[in-house]
Amino acid sequence: QLIGPHAVNYWFTGLQNVRTLLNDDVFTSSLWQTVVFVVGSGAFGSTVLGLAMALLMQKASGVLGKAVSGLAILAWNLPPITIAVIWYAATTTGGTFPRLLGDANHDLLYTYPMLVVSIANVWSLAGLSMIMFSAALRSIPTEMVEAAILENASATQRLFRLTLPLLKPTILMSALLMTLLTFANFTLVYLMTGGGPDNQTNILPIYSYLQGFKFHRLGYSALLGNVIVLLSSALGLTFVLIARQYRPGQVRKNKLKAIPV
């Protein structure tokens with residue numbers, strides 16, 4: 001066995017790993033990078049892009065809407081290794097994006113590693129978020145929209161005073177789901193950067209993996225895994241507590257505001 005009382009060279013470490021964790025500057029940096037990656041690209045980025053795409057698809061023609069929806073769903077269904085290869089090839093030296101920016105020798109992935117992997121994660125998850133919002137938009141009563149139009153409410157007023165309040169439960173559900181999926185998206189970041197350069201994308205799942213399987217510190221790696229579980233549970237509990245305030249019936253009866261015209 002690798003761990004436990006029957007492992008080779010077993011000894012009880014007590015709180016040694018906890019003390020190491022509290023004094024580990026790399027862990028502190030990794031924790032911050034994890035929050036940025038999960039909240040920025042998962043809870044916020046994927047949800048906002050999915051909502052924007054769903055709103056635009058309402059106005060798009062049938063052929064265009066189906067084409068864009070199909071591409072978004074395709075990106076969501078691609079394996080993480082395929083997404084990693086696509087974005088690695090597109091953002092490194094000689095890739096598509098450096099050429100579009102006028103400098104084919106510029107390695108965007110090396111210069112902006114967290115930004116690039118975050119965009120890749122948003123690109124991979126936005127299709128699922130779009131599907132959720134498309135279904136939610138179809139459930140909005142047409143008579144409410146027609147009444148707002150008859151009251152001469154502008155498109156912006158209808159969006160912020162009618163559509164978004166009714167979509168609050170879906171927004172929260174999408175943010176929660178994108179958060180959990182991003183937490184589990186170890187493969188994408190590891191294949192694109194391996195946690196580098198200079199630990200700039202060394203999120204907690206990668207840091208735990210490296211400690212356990214590269215540096216053979218299995219006890220410390222297990223402790224980092226426990227931190228990941230606690231952090232994801234805290235975020236999930238936060239979303240659940242917020243979502244209780246926005247039950248669909250309650251939103252429609254109590255939360256809609258009059259549209260000033």
Side-chain angles (χ1 to χ4, degrees), residues 35-76 115 118-183 185 232-261:
V35 173
V36 171
F37 179 65
V38 170
V39 176
S41 69
F44 181 77
S46 299
T47 298
V48 170
L49 181 59
L51 174 59
M53 293 172 63
L55 290 171
L56 291 174
M57 290 307 99
Q58 277 193 316
K59 306 297 182 181
S61 62
V63 176
L64 179 60
K66 291 180 180 178
V68 175
S69 299
L71 291 174
I73 295 172
L74 175 63
W76 168 50
L115 177 62
S118 296
I119 293 175
N121 184 64
V122 170
W123 182 79
S124 68
L125 295 179
L128 175 59
S129 180
M130 182 196 69
I131 294 174
M132 296 173 63
F133 284 116
S134 296
L137 286 170
R138 294 191 189 97
S139 68
I140 295 179
T142 55
E143 58 269 18
M144 298 180 68
V145 179
E146 293 171 353
I149 294 175
L150 290 175
E151 293 293 335
N152 294 323
S154 65
T156 302
Q157 289 176 322
R158 295 198 303 271
L159 174 63
F160 287 99
R161 298 283 185 170
L162 177 63
T163 304
L164 291 183
L166 290 174
L167 289 180
K168 280 182 179 179
T170 307
I171 292 173
L172 291 170
M173 182 60 65
S174 174
L176 173 59
L177 184 58
M178 297 303 111
T179 297
L180 297 178
L181 290 174
T182 300
F183 249 122
N185 207 352
S232 59
S233 300
L235 288 173
L237 179 61
T238 301
F239 280 117
V240 169
L241 293 176
I242 296 175
R244 287 184 177 180
Q245 304 177 16
Y246 300 111
R247 296 174 183 174
Q250 183 181 6
V251 172
R252 293 188 179 183
K253 292 179 181 178
N254 302 328
K255 297 295 183 179
L256 292 179
K257 299 179 180 179
I259 301 177
V261 293

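No hydrogens, no waters, no symmetry mates; every other heavy atom, side chains included, goes into these values.
The main-chain N or O of Thr163 is never found under 3.5 Å from a side-chain atom of Arg158 such that the two would form a donor-acceptor pair.
Taking OG1 of Thr238 as the start and CG of Leu172 as the end, the distance is 11.5 Å to the nearest 0.5 Å. One finds the CG atom of Leu235 at 11.0 Å from the OG1 atom of Thr182 (value rounded to the nearest 0.5 Å). The distance from the CG atom of Leu51 to the CE atom of Met53 is 11.0 Å, given to the nearest 0.5 Å. With rounding to the nearest 0.5 angstrom, the CG atom of Leu237 is 4.5 Å from the CG atom of Leu241. Separating the CD1 atom in Ile171 from the OG atom in Ser129 is a distance of 9.5 Å, to the nearest 0.5 Å. Here the CG-CE distance, from Leu181 to Met178, works out to 5.5 Å after rounding to the nearest 0.5 Å.
For Ala54, the side-chain contact (heavy atoms from CB on, under 4.5 Å) partners two or more places apart in sequence, or in a different chain, are Met130, Phe133, Ser134, Leu137. Residues passing the side-chain contact (heavy atoms from CB on, under 4.5 Å) test with Met173 are Met132, sequence neighbours excluded. For Ser233, the side-chain contact (heavy atoms from CB on, under 4.5 Å) partners at least two apart in sequence or on another chain are Val229. Applying the side-chain contact (heavy atoms from CB on, under 4.5 Å) test to Leu180 and every residue at least two apart in sequence or in another chain returns Leu176.
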- Query: Yes or no on side-chain contact (heavy atoms from CB on, under 4.5 Å) for Leu159 and Leu164, after CA distance, side-chain angles and deciding distance?
  - Reply: CA-CA 6 Å; Leu159 174 63; Leu164 291 183; 4.0 Å; yes
Determine all donor-acceptor pairs shorter than 3.5 Å in which one atom belongs to a side chain in residues 41-49; sequence neighbours excluded.
from  : atom 1 : to     : atom 2 : distance (Å)
Ser41 : OG     : Phe37  : O      : 2.5
Ser41 : OG     : Asn121 : ND2    : 3.0
Ser46 : OG     : Ser41  : O      : 2.8
Thr47 : OG1    : Ala43  : O      : 2.9
Thr47 : OG1    : Ser174 : OG     : 3.3

